[in-house]
Chemist: 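Below you'll find the structure I mean.
These figures come from a predicted structure and were not determined experimentally. Counting starts at 1 for both ligands and their atoms, in listed order.
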Amino acid sequence: MAKHTIAWMPGDGVGNDVMKATRLVLDALGFDAEYVHADIGWEFWCKEGNPLPDRTIETLKKTDCALFGAITSKPRDEANDELDPSLRDKGLSYFSPIVKLRQVFNLHTNLRPCKAYPGNPLNKLGDDIDLVVFRENTEGMYGGIEWFPLPEKIADAMADPEVGHPDRMKRWYERGLENVAVSTRIMSRQGCESICRGAFEYAKEFGRKSVTLVEKPNVLRETGGLITRVFRQIAKDYPGIEAWEANIDAMCMWLIKNPQDYDVLVAENMFGDVISDLAAGLVGGLGFACAANIGDDYAVFEPTHGSAPKYDGKDVVNPMAMILTAKMMLDWLGEKDMAARLENAVAAVIAEGKVRTYDMMGVRAGSPGAATTTQMAEAVAAKL
Ligand code: IPM
Ligand code: MG
């Protein structure tokens, strides 16, 4: 029997290409695993009206963790148009399977390291950037509690003088509730504690000098206020680590200006989503942005990038983000030595600069001289 059981979910588009490339690397490492394929993505939305079939959730429950390529999602009307005709008008609506997986398995932490590897021509702001984003992954604006139009019942509750905001609600009544949409940002003390604690623990374990909370408590007074108080409280348990606070807008500017100043960043779901793409842009873009959705006893490893449908099956995209995501999986599984070997191999290929996918060369996909997805993976495997 293999040492590890891994759910294998290529998903959509280039998810297939980068997962194939990653498998080549994992095999070269001698990673001892059984891979169990699981259905997820657009194809299953179109055929079955469910991009995350129940059988997939059951499969995942029987594995140690999951490796996931990429997902396609489209706006509501387009999604409905592509649904099998026999499933239309059944009230089905598309939802993001990755957001649902985070909820179902309580994958509360989205860990997104953004490290510049020396020699990467895309490191426009320096070879010495090394940030880690801790993004809360199950709460905030991703809770799916939203309305359009705003039902009267909800509006009335929000305007109730005892618990609501009668004055502030006036203008929305004036505009007509049929013209008003509401998406909520719900955060719990537990959720805030868990992500802040995770960030400080990580900083302690890896000798990081600071943890920065990225928020907007001057405007989002209740939710932003809650996480700020929790952050300050938890910081007291880590006297050796500096605790900084920054507003999300200012942080976007500071990260472009002085990315080297920052270390571990912690944020609620939506701000973490924003800041992690920004941080990825500092270290070569989505072709290098690895990520892990981590819960107490399960994890789904998926790079930050999407499915890039136009490159599907063309073997052109950069697999480094997916390969580094697999490295995170190895770490999580306790295969520290393999993880380190893999990262060294990636760093060596980048430093050498002989094999580069199109994004690293600043040319169009498929241009002569650009390495294929497979060639990039083979170059990494050769270093092992
Ligand atoms: C990410 C992605 C997802 C998110 C999308 C695909 C739902 O942007 O993982 O950062 O918003 O969380
Ligand atoms: Mg995102």
Chemist: Picking from Ile98, Ile195, Asn293, Val300, what satisfies side chain to side chain contact (heavy atoms under 4.5 Å, CB included) with Asn137?
Modeler: Asn293

Chemist: When only distance counts, is Asn110 in polar contact with ligand 1, meaning an N/O pair under 3.5 Å?
Modeler: no

Chemist: Regarding ligand 1, does Arg112 bring an N or O atom to under 3.5 Å of one of the ligand's N or O atoms?
Modeler: yes

Chemist: Would the number of heavy atoms belonging to other residues, nucleotides or ligands and lying under 6.0 Å from CG of Asp89 be above 12?
Modeler: no

Chemist: Do you know which N/O/S atom name in Asp273 is closest to the Mg ion (ligand 2)?
Modeler: OD1

Chemist: Regarding Glu242 and Lys209, does a basic nitrogen lie under 4.0 Å from an acidic carboxylate oxygen?
Modeler: no

Chemist: What part of Arg102 sits under 4.0 Å from ligand 1 if we count only heavy atoms: the side chain, the backbone, both or neither?
Modeler: side chain

Chemist: Using 4.0 Å as the upper bound for N to carboxylate O, is an ion pair formed by Asp84 and Lys47?
Modeler: no

Chemist: Using a strict cut-off of less than 4.0 Å between a Lys/Arg side-chain nitrogen and an Asp/Glu carboxylate oxygen, indicate whether Lys61 and Glu58 qualify as a salt bridge.
Modeler: yes

Chemist: Which bit of Lys100 is near ligand 1, meaning a heavy atom under 4.0 Å away: side chain, backbone, both or neither?
Modeler: neither

Chemist: Considering only protein heavy atoms, determine whether one is less than 4.0 Å from atom 5 (C) of ligand 1.
Modeler: no

Chemist: Specify the protein heavy atom at minimum distance from atom 8 (O) of ligand 1: its residue, its atom name, and the distance to 0.1 Å.
Modeler: Asp273 OD1, 3.4 Å

Chemist: Could you list which atoms of ligand 1 come closer than 4.0 Å to a heavy atom of Ser96?
Modeler: 7 (C)

Chemist: Does either side chain, that of Thr56 or that of Asp39, offer a donor lying less than 3.5 Å from an acceptor on the other one?
Modeler: no

Chemist: Any chance the side chains of Arg197 and Tyr202 put a donor and an acceptor closer than 3.5 Å?
Modeler: no

Chemist: List the closest protein heavy-atom neighbour of atom 11 (O) of ligand 1: residue, atom name, distance to the nearest 0.1 Å.
Modeler: Tyr142 OH, 2.7 Å

